[in-house]
Amino acid sequence: MELLNNIPPAFLLIIGAIALLALPANARKVGAIALAALGFFAITQLSEGTRGNPEFLGHTLEMLRVDSTSKAFGYIFTISAFGAFIFSWSERCRLQNTAALVYIGSALGVVFAGDMITWYLFWEMMAVSSTFLVLARNTEASRLAAQRYILVHLAGGLVLLAGILMAVNSTGSIAFTLENIHQNSTAKWLILIGILINAAAVPFSSWLPDAYPESTVFGGIVLSAYTTKTAVYTLVRGFPGEEILIPIGCVMTLYGIVYALLENDMRRILAYSIVNQIGFMVCGVGVGTPLAIAGVVAHAFCHIIYKALLWMSIGAVLHRTGKSKCTELGGLYKSMPITTMMTIIGALSISAVPLTCGFISKTLITAATEQQHHLWAWFALEVASAGVFVYACIPFYTFFNVDRGLRPKEAPRAMITGMALMAFLCIYLGLNPGHLYGILPHGEVLAEKASFYYTYIKSFDKVVTVLQMLLFSALMFFILLPLLKRTSTISIDFDWFYRKGAKLFYDAMDKTFNSLNKAAERLVIKTLLPAIAQFVIVAPATLTVMLLRPVWRESLDADEKSLKKREKELIARFSSGTFPVAYSAIFVLIFIGLLVLLGRAAG
């Protein structure tokens, strides 16, 4: 398969998305599923190294940089796409299908990019294509959320672009490497800020819970997997060991839990849980050791799986009931038992319960943090790990809360199939950690850990510690359940500042520039321009009067009154543009004379 070894997987999905536009709905769905499978197969055929080197603006692009890190992200991106397209079989929207494939293809373009130009172009394609997944719901709320979403991402993209341009100017190279990014301090910080905006780092995080819940059922599943994970990938590439990321990640882990506790909408709870889980990854990148980086990639891999499962489960509920708020749901286990079971598996995985994929990935990051003696960060991650069990509220409030009398049908078979695939992976990887550890970067540090025996038997003390922590968290959840009762409230997030700030900025600019417009109208339009127009009319007449006045006085022997009368008549003729032939001839002679004088002066 030499051909697939030299084709960037991004092109398969992006070109395929365009080709599928001409097909009917069912064929388009089959084609999308097939493209995801083809993308996965193509990645398996890629050998390590760099290739795909066209010339662009005097630089050589590297559109295909293949190593264990990029392949691991590529695998999970295509697996998630495969499950999402199966789940959404009943979705017939051509816009969503095309936007999703371009979005996924762009994410693949980022993770296989070996230069900063390719990286940036695919980065911006992700921002644009993902916006259509929010717009596709076609409600007033989704349209406004999409506007805010694209504005935030374009602003982040401009910051990133400024950093890239400064880095290229400093080094003369467009290579996407740690050395090039860190050559110029200002460029490094601009690039880092641009990435952190996409990673939903606090205080740039509010775009995520603002936009993702307003997308369609299918859109939410796809969005949950790519934007934040490509940001994690770029942090792994460009900022391993950057210690500022440790406190940023810790804040994200706690922030996500606190806001999830305050939320009433299930999809917003899931959105805040993304911020929480990305915080673990950001912190791991800041630790920067081989074990930490392996843990970051492992956790990104597993997070995409169980988070897709949870978005699918709540999406199935939304599909059947049209509701997603805790205060409107409850008792659904009676009519949607399969979806209930799938949601429980997802909740156990995000809580890192042993025998699930969340356990085998999250523990790598906490262990790496402890090994480097970042004790305060380790403590914060442990607290966040215990607090993550709060996401047990997802199955509780949806399926076991007060029965609201809702009796929807079980999810459609295609949705159950998509959920079952993700649930299987949650359990399979939890039981077989070696199958995940074998594809990770720095796999040598995990060689001993890559077995069921080491993970659950030899390290049984750690398993017991995690179980004790989670059981205590569960106990506290049910003890405090009356205090955690959901209400129809709106949580104030960091977007309050830019929403209010934007309005204040708009009002200030409106008053400032409209005041300038009014002043300009008063001074220029109503005063200066009429004066200039009057001058243009009067000046030639005045000049002519000055020249003719001595002639009139000598030749006509006129008195002062007669001269004034002639002046007024002449000025009136200038104003109306009517002159005797003699006057016109005199004026032409004067004009020619002036031109001759000017010509001689210039010579």
Side-chain angles (χ1 to χ4, degrees), residues 7-15 17 36 39-40 42-43 46 50-54 56 61-81 99-131 133 150 153-154 156-161 163-164 167-168 174-178 180-181 191-201 208 222-240 278 281-282 285 293 296-297 300-301 303-304 441:
I7 297 178
F11 291 166
L12 296 176
L13 274 71
I14 295 172
I15 295 172
F40 180 85
I43 293 168
L46 294 175
T50 59
R51 48 201 172 275
N53 307 117
F56 181 76
L61 305 182
E62 292 181 2
M63 305 191 75
L64 196 56
R65 174 175 58 184
V66 184
D67 58 17
S68 56
T69 304
S70 58
K71 289 185 77 171
F73 277 90
Y75 285 142
I76 191 55
F77 282 1
T78 49
I79 290 170
S80 176
L101 283 169
V102 174
Y103 177 44
I104 297 163
S106 301
L108 289 172
V110 170
V111 300
F112 285 104
D115 67 89
M116 290 188 280
I117 293 178
T118 303
W119 165 30
Y120 178 75
L121 291 176
F122 281 120
W123 190 269
E124 291 302 284
M125 283 181 65
M126 284 177 55
V128 174
S129 55
S130 58
T131 303
L133 294 174
I150 190 62
H153 283 282
L154 290 179
L158 289 174
V159 174
L160 177 65
L161 178 61
I164 289 174
V168 173
I174 63 170
F176 182 11
T177 62
L178 177 67
N180 278 358
I181 290 174
I191 291 172
L192 180 59
I193 292 170
I195 294 171
L196 288 176
I197 290 173
N198 267 31
L208 196 156
V222 176
L223 288 167
S224 71
Y226 299 101
T227 298
T228 51
K229 294 343 156 289
T230 52
V232 169
Y233 169 84
T234 53
L235 288 175
V236 168
R237 285 291 188 198
F239 297 91
I278 296 298
M281 302 173 211
V282 171
V285 175
I293 297 301
V296 168
V297 178
F301 196 103
H303 175 259
I304 289 174

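Worth saying up front: this structure is predicted, and the values here are computed from it rather than measured.
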Which atom pair, heavy atoms only, marks the closest approach of L12 to A42?
CD1-CB, 3.7 Å

When rounded to the nearest 0.5 Å, the distance separating CE of M281 from CD1 of I293 is 12.5 Å

Are L161 and E124 packed together at the side-chain level, in the sense that at least one heavy-atom pair is separated by less than 4.5 angstrom?
no

How close do I150 and A127 get, heavy atom to heavy atom, and via which atoms?
CD1-O, 3.7 Å

Side-chain donor-acceptor contacts of residues 114-122 below 3.5 Å, not counting sequence neighbours, with atom names and distances?
| residue | atom | partner | partner atom | Å |
| --- | --- | --- | --- | --- |
| D115 | OD1 | I117 | N | 3.0 |
| D115 | OD1 | T118 | N | 2.7 |
| D115 | OD1 | T118 | OG1 | 3.1 |
| D115 | OD2 | E62 | N | 2.7 |
| D115 | OD2 | T118 | OG1 | 2.7 |

If you measure from CG on L13 to CD1 on I104, what distance do you get to the nearest 0.5 Å?
6.5 Å

Ignoring hydrogens and geometry, is there a side-chain-to-backbone donor-acceptor pair from S80 to I76 under 3.5 Å?
no

Side-chain (R65) to main-chain (A113) donor-acceptor, under 3.5 angstrom
yes

Less than 4.5 Å apart, side chain to side chain, heavy atoms only: is that true for N198 and L160?
no

Under 3.5 Å, is there a donor-acceptor pair between the side chain of T69 and the main chain of V297?
no

Looking only at heavy atoms, which two atoms of L178 and G238 are closest? And how far apart?
CD1-O, 2.9 Å

As a quick check of understanding, evaluate side chain to side chain contact (heavy atoms under 4.5 Å, CB included) for L208 and L223, giving each step before the final call.
CA-CA 9 Å; L208 196 156; L223 288 167; over 6 Å; no

Which residues pass the side-chain hydrogen bond (donor to acceptor under 3.5 Å, both in side chains) test with T78, sequence neighbours left out?
none

Report the C-alpha distance between W123 and T234 in whole Å, list the side-chain angles of each, state the deciding distance to 0.1 Å, and finish with yes or no for side chain to side chain contact (heavy atoms under 4.5 Å, CB included).
CA-CA 11 Å; W123 190 269; T234 53; 3.8 Å; yes

Taking side-chain contact (heavy atoms from CB on, under 4.5 Å) as the test, write out the residues that go with L196, two or more places apart.
L192, A201, L235, L245, I248

Scan for salt bridge (Lys or Arg N to Asp or Glu O under 4.0 Å) pairs involving residues 225-238, sequence neighbours excluded, and state none if there are none.
D67-R237

Using the rule given for side chain to side chain contact (heavy atoms under 4.5 Å, CB included), can you reason through H153 versus T227, listing the C-alpha separation, both sets of side-chain angles and the distance that settles it, and then say yes or no?
CA-CA 10 Å; H153 283 282; T227 298; 3.8 Å; yes

Nearest heavy atoms of Y103 and S130, plus distance in Å
CE1-CB, 3.6 Å

Can you tell me how far the CD1 atom of I79 sits from the CZ atom of F301, to the nearest 0.5 Å?
4.5 Å

Minimum heavy-atom distance between A231 and I195, given as atom pair plus value
O-CG2, 3.5 Å

Give me the atom names and distance for the closest heavy-atom approach of A225 to I304.
O-CD1, 3.5 Å

Who are the side-chain hydrogen bond (donor to acceptor under 3.5 Å, both in side chains) partners of T228, not counting sequence neighbours?
none

Of all residues at least two apart in sequence or in a different chain, which pass the side-chain hydrogen bond (donor to acceptor under 3.5 Å, both in side chains) check with Y226?
none

side-chain contact (heavy atoms from CB on, under 4.5 Å) against I193, all qualifying residues, sequence neighbours excluded
V159, I197, F204

Checking P8 now: which residues fulfil side-chain contact (heavy atoms from CB on, under 4.5 Å) with it, not counting sequence neighbours?
F11, M63, L64

According to ring-ring contact (aromatic ring centres under 6.0 Å, His included), who are the partners of H303, at least two apart in sequence or on a separate chain?
Y306

ring-ring contact (aromatic ring centres under 6.0 Å, His included) involving Y233 - partner list, sequence neighbours excluded:
F73

